[in-house]
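In each ligand, atom 1 is the first atom listed, and ligand 1 is the first ligand listed. Values reported hereafter were calculated over all heavy atoms of this structure, with side chains retained and with hydrogens, waters and symmetry mates removed.
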Amino acid sequence: MTTATHEETLGFQTEVKQLLHLMIHSLYSNREIFLRELISNAADACDKLRYQALDNDALYEGDSELRIEIEHDAEAGTVTVRDNGIGMNRDEVIENLGTIARSGTAEFLKQLSGEQQKDARLIGQFGVGFYSGFIVADDITVRTRKAGTEQGEGVEWHSKGEGEFTVADIERETHGTEIVLHLKEDAGEFADDFRLQSLVRKYSDHIEVPVRMPKVETARDEDGNEIEGSETTTWETVNEATALWVRPKSELSDDEYKAFYKHVAHDFSDPLTWSHNKVEGKLEYTSLLYVPGRAPFDLYERDGARGVKLYVQRVFIMDDAEQFLPLYLRFIKGVLDTRDLSLNVSRELLQQDPQVDKIKSALTKRSLDMLKKLAKDPEAYQTFWNTFGSVLKEGPAEDHANREKIAGLLRFSSTHTDSATQDQSLADYVSRMKEGQEKIYYIVADGFNAAKSSPHLEVFRKKGIEVLLLHDRIDEWLMSHLTEFEGTRLVDVAKGDLDLGEIEDEEEKKAQEETAKAKEDLVKRVKEALGDEVQEVKVTHRLTDSPACVVLPEHEMGFQMRRIMEAAGQAMPEVKPILELNPEHALVARLEGVEGDGFEDLARILLDQAIIAEGGHLDDPAAYVKRLNALLGA
Ligand code: ADP
Ligand code: MG
């Protein structure tokens with residue numbers, strides 16, 4: 001046995017304690033994932049050593065055959081996972097196995113539902129993998145030495161998972177890490193050849209590093225009896241051990257693709273779809289991109305993890321290489337393996353490399369094509385859209401070149417279904433356009449109900465013209481970058497003059513002009529009464545049920561966007577709305593007959609109501625209530 005020196009006992013960081021408590025006391029189902037986590041760490045350690053050894057062969061210390069070994073001892077009740085990867089020094093051991101530096105962990109602890117199955121699955125996703133050993137073990141010893149250091153610089157870490165751990169210096173001949181789990185009494189099932197092998201195949205088949213297990217063979221005599229003392233141990237590779245993306249598509253099953261996804265994306269659920277491509281020619285790369293079925297917790301965080309796992313000629317270079325996909329496709333996960341970059345590429349260098357942009361635009365196209373294909377399965381696409389739609393909506397602003405493609409992928413609510421589910425495409429809309437209809441009409445509002453019940457829709461509903469109901473925060477931003485779809489203009493029905501083009505016949509137009517004339521006097525009086533508060537007063541034919549509505553000039557920023565900007569602390573220049581009156585409405589007819597102070601009160605009520613219907617705020621709501629109550633005779 002090695003002698004340990006310089007032993008110290010340290011306390012786990014608070015979050016680790018919480019996590020360990022959970023591991024030890026509440027996770028009973030799905031305990032097998034501990035092995036996946038430990039193998040995944042071992043594989044990462046091998047990847048890291050291979051990468052660092054590119055510049056410094058000596059780090060291999062003469063042993064460049066990277067591998068992971070799993071052993072068990074049923075009698076002692078232990079399982080050991082060993083790798084000859086990069087290893088850790090004392091400081092790294094304390095840092096990596098005593099604290100949780102990752103922001104994901106706090107998030108993990110927040111998301112705990114108490115449903116054990118679900119919680120256990122979350123473990124991998126949030127990268128709190130190592131501690132999952134304590135799901136099955138009541139005692140863990142880690143022996144490790146960083147590649148390239150002296151044999152005397154080995155470290156031993158030991159803990160029972162109860163609040164503290166010890167670290168000590170040890171002699172260690174080989175570099176890399178060995179983790180010995182002493183199984184809890186009720187976890188003895190894992191000290192079993194067959195069980196371990198099937199778990200390795202289940203979770204780690206696609207890992208490039210070979211995972212080996214010992215096979216003990218005993219020679220037999222002529223009668224078939226085992227010869228005592230003749231045991232020899234050979235190591236058998238249990239997993240497939242080739243990088244999955246290198247294998248031809250025809251050889252790969254859906255299950256293998258799915259298992260690989262779970263590994264690269266740290267996700268526990270299946271992806272919605274994937275696209276695996278090998279490209280040779282001007283660019284040389286292999287990509288395997290996935291559309292996840294669920295959103296990561298940091299999808300909307302500025303520095304959330306995104307991008308692909310980058311390999312150069314099969315050598316792992318970095319996780320989360322975000323330079324290869326645009327921001328609006330940040331939900332895509334996967335692997336890129338290329339020959340077009342040098343092995344010593346760094347994040348900084350990636351930013352300057354012209355090849356990166358070329359690959360980026362190729363991967364962008366692939367991703368958009370993959371989504372287009374996915375759209376052929378409406379149910380799966382709806383899952384995608386509900387999860388990532390509002391991210392994809394950033395696309396038209398970010399990526400002009402692919403605007404048309406992205407537009408084809410968008411989905412909206414619409415008066416066609418009057419459902420809050422965003423499931424109508426622009427192509428669907430166009431195919432339903434009325435004869436003579438030249439534009440795609442939409443409305444933007446704070447929420448689905450506000451959009452659906454907006455007075456601006458009244459004339460459209462009457463004439464049976466479909467209007468898209470946009471109710472996401474980002475929609476107005478989206479529409480300011482999406483002005484047409486395959487040659488058809490997109491028009492906000494709450495802005496500018498209402499021009500239904502060919503849909504209206506000459507007679508209707510004439511009748512409207514006549515009404516406008518007849519109401520000229522009323523319009524003038526209302527404008528005088530409201531003064532500066534409105535830019536203009538008009539009679540309108542967009543309304544059937546409401547007495548009035550407010551409209552913005554065509555190129556003015558919409559109401560919804562203004563509210564968002566104001567909420568974000570942006571000072572917005574004041575904009576005066578145009579008040580439009582419905583000449584057919586009883587209140588407007590009544591207004592015409594009122595003289596004196598009562599006229600201004602009623603005119604103001606109409607304006608204030610129109611603003612409220614738009615989801616806007618009144619400057620003086622109390623005054624509105626007072627006027628209204630006076631009108632109601634209170
Ligand atoms: P993650 O793998 O998501 O980083 P883990 O809890 O699984 O989180 O591991 C924590 C850290 O401990 C790793 O990032 C790594 O630095 C270190 N580590 C764990 N296992 C090994 C190993 N076998 N060899 C080297 N370092 C390791
Ligand atoms: Mg891990």
Polar atom proximity, Thr177 to ligand 1 (N or O, under 3.5 Å): yes

Considering Val16, Asn41, Ile39, which one's heavy-atom position lies nearest to atom 7 (O) of ligand 1? Asn41

For the residue pair Tyr261 and Tyr290, does the interplanar ring angle fall in the parallel (under 30°), tilted (30 to 60°) or perpendicular (over 60°) class? tilted

Have a look at ligand 1 and work out which part of Leu38, if any, has a heavy atom under 4.0 Å from it: side chain, backbone, both or neither. neither

Which atoms from ligand 1 have a heavy atom of Phe130 less than 4.0 Å away? 5 (P), 6 (O), 7 (O)

Would you mind checking if Glu394 and Arg330 are paired as a salt bridge, meaning a charged N to carboxylate O distance below 4.0 Å? yes

Look only at interatomic distance and state if Asn96 has a nitrogen or oxygen under 3.5 Å from any nitrogen or oxygen of ligand 1. yes

Ligand 1 to Asp44 polar contact by distance, N or O atoms, under 3.5 Å: no

For atom 18 (N) of ligand 1, state which one of Met88, Lys146, Glu178 supplies the nearest heavy atom. Met88

Do Asp192 and His72 get their side chains close enough for a donor-acceptor pair, meaning under 3.5 Å? no

Grab the two heavy atoms, one from Asn84 and one from Cys46, that are nearest each other, plus how far apart they are. OD1-SG, 4.3 Å

Using a distance threshold of 2.8 Å, state whether an N, O or S atom of Asn41 lies below it from the Mg ion (ligand 2). yes

Crowded around Lys278 NZ? As in, over 12 foreign heavy atoms under 6.0 Å? yes

Do other residues, nucleotides or ligands put more than 12 heavy atoms under 6.0 Å from the CZ atom of Arg339? no

